[in-house]
S.K.: 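Could you have a look at this structure, given as structure tokens, before my questions?
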Amino acid sequence: MNSNQSRIAGRHFLQIPGPTPVPERIQRAISQAVLDHRGPAFQRLGEEVLRGIRTIFRTSGPVIIYPASGTGAWEAALVNALSAGDKVLMFETGHFSTLWKNMAMRLGIEVELIESDWRVGADPALIEARLAEDRAHEIKAVCVVHNETSTGCLSPIAEIRAAIDRANHPALFLVDTISSLGSVDYRHEEWGVDVTVSGSQKGLMLPPGLSFTAVSDKALSAAKKSNLPKIFWSWEEMLGPNEKGFFPYTPATTMLYGLNEAIAMLHEEGLENVFARHRRHAEATRDAVDAWGLENLCRDPRYYSPVLTAVLLPASHDADIFRKRTLEAFDISLGAGLTKLAGRVFRIGHLGDTNDLTILGALGGVEMGLRLSGVPLRGSGVQAAMEAMTSAARAA
Ligand SMILES: *Cc1c(COP(=O)(O)O)cnc(C)c1O
């Protein structure tokens, strides 16, 4: 690119695992006029989104909506459900589980961590074994990241629920679905999750700025006894006004128009179809990685993520240099390796409002960038992805 050039033609490929590209329908919805958040028009919108979002979490209970990024909902989950000095069991899936763990510790919560090499999801058997040892029930909550966005590993939430039940343990179950909700099958109520945290800018196809917490009755009871300080994050202060479609403070009114549209779009396509599309794109991407002769960071197929794929580069190549060259040459943003994976992996997001050709364009950009960076490739990943998508279309 000429350094004087101030415009790049065509659409930028935002292929990071969130934020994801915002569909025009949602952008148009958000561009509506700001409205009086104490008035009747807002009340209808408030009631509609508060009811609609439950269908995405698959719960009949309340879902709280914060004008905050996902990190805010993480904090809300901890300060409402737990008390100072409580012990929680967390599974180290990667960068995001580590951030959540650090947050818990800073809030005065004691964390017991099941460590991993950041190449697998949370193992239900390890959680079950630890809970079975805890006969005094000192562990108050189990915290798991559903889709670990730093590694491309998905944790089996229903199986972890079953593991907690087999251990006959009363701990609350807290799950981060910030990068999985709206992309991967998830059932807050059926799977007996007590607190599910999510965000707007990933599978929900919205801009960053909203986050969510679905809460069970058991979590609400625990919140009554919680002694951690909370004002902005207080579930109780939210749930009162929410009953009538209102909020205790100014909600992100225009983002709620967008949320309403996002919920409608997910149902028009059908949640099952949305999930199948994500699985298909993930599979095509993994076929591409195999064809290039590169390694998927997620080392166990049990945990493969439908949302993103993290690709290891040979030790002789810096993934950040590859990403920079690929961005400059082809106008595509790829996810960076985070903390201990910095420079070693790049991440391809295949979530949100994507279709087969979006994915092929992204894989084409990656393949050209890899060649440009001199990374030795065994074959064409794009060719492999085209074959996967053609046979999927034939079977459909
Ligand atoms: C993106 C993400 C977060 C952080 O969310 P923010 O909106 O950046 O605060 C936390 N957990 C997971 C799994 C994520 O993907």
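Each ligand, and each atom within it, is numbered from 1 in the order the structure gives.
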S.K.: Which atoms of ligand 1 sit under 4.0 Å from any heavy atom of Asn147?
M.R.: 13 (C)
S.K.: Can you pull out the closest protein heavy atom to atom 14 (C) of ligand 1? Residue, atom name and distance to 0.1 Å, please.
M.R.: Lys202 NZ, 3.0 Å
S.K.: Are His188 and Asp194 linked by a side-chain donor-acceptor pair shorter than 3.5 Å?
M.R.: no
S.K.: Is there a donor in the side chain of Thr254 and an acceptor in the side chain of Gln32, or the other way round, less than 3.5 Å apart?
M.R.: no
S.K.: Treating Lys87 as the side-chain partner and Glu110 as the backbone partner, does any N or O pair qualify as donor plus acceptor under 3.5 Å?
M.R.: no
S.K.: Find out if a path of hydrophobic residues (ILVMFWY) with successive side-chain heavy-atom gaps under 4.5 Å connects Tyr66 to Phe57.
M.R.: yes
S.K.: So, do His169 and His137 have ring centers that fall under 6.0 Å from each other?
M.R.: yes
S.K.: Heavy-atom contacts under 4.0 Å between Thr71 and ligand 1: side chain, backbone, both, or neither?
M.R.: both
S.K.: When you measure from atom 15 (O) of ligand 1 to every protein heavy atom, which one gives the shortest distance, and what is it?
M.R.: Thr149 OG1, 2.4 Å
S.K.: Could you tell me whether Leu99 approaches ligand 1 through its side chain, its backbone, both or neither, with non-hydrogen atoms closer than 4.0 Å?
M.R.: neither
S.K.: To check your reading of the model: name the closest protein heavy atom to atom 12 (C) of ligand 1, its residue, and the distance in Å.
M.R.: Asp176 OD2, 3.4 Å
S.K.: Looking at atom 4 (C) of ligand 1, what's its closest protein heavy atom, distance included?
M.R.: Phe96 CE2, 3.9 Å
S.K.: Can we call the ring centroids of His146 and Tyr186 under 6.0 Å apart?
M.R.: yes
S.K.: Return yes when Gln201 approaches ligand 1 closer than 4.0 angstrom through a heavy atom, no otherwise.
M.R.: yes
S.K.: Would you say the side chains of Ser234 and Glu236 form a donor-acceptor pair under 3.5 Å?
M.R.: no
S.K.: Any luck finding a side-chain donor-acceptor pair between Ser226 and Lys230 under 3.5 Å?
M.R.: yes
S.K.: Based purely on interatomic distance, does Gly70 place a nitrogen or oxygen under 3.5 Å from a nitrogen or oxygen of ligand 1?
M.R.: yes
S.K.: Using a 4.0 Å heavy-atom cut-off, which part of Trp74 comes near ligand 1: side chain, backbone, both, or neither?
M.R.: side chain
S.K.: Find all atoms of ligand 1 within a distance of less than 4.0 Å from any non-hydrogen atom belonging to Val145, and give their numbers and elements.
M.R.: 13 (C)
S.K.: In terms of atom number and element, which parts of ligand 1 are under 4.0 angstrom from non-hydrogen atoms of Ser69?
M.R.: 6 (P), 7 (O), 9 (O)
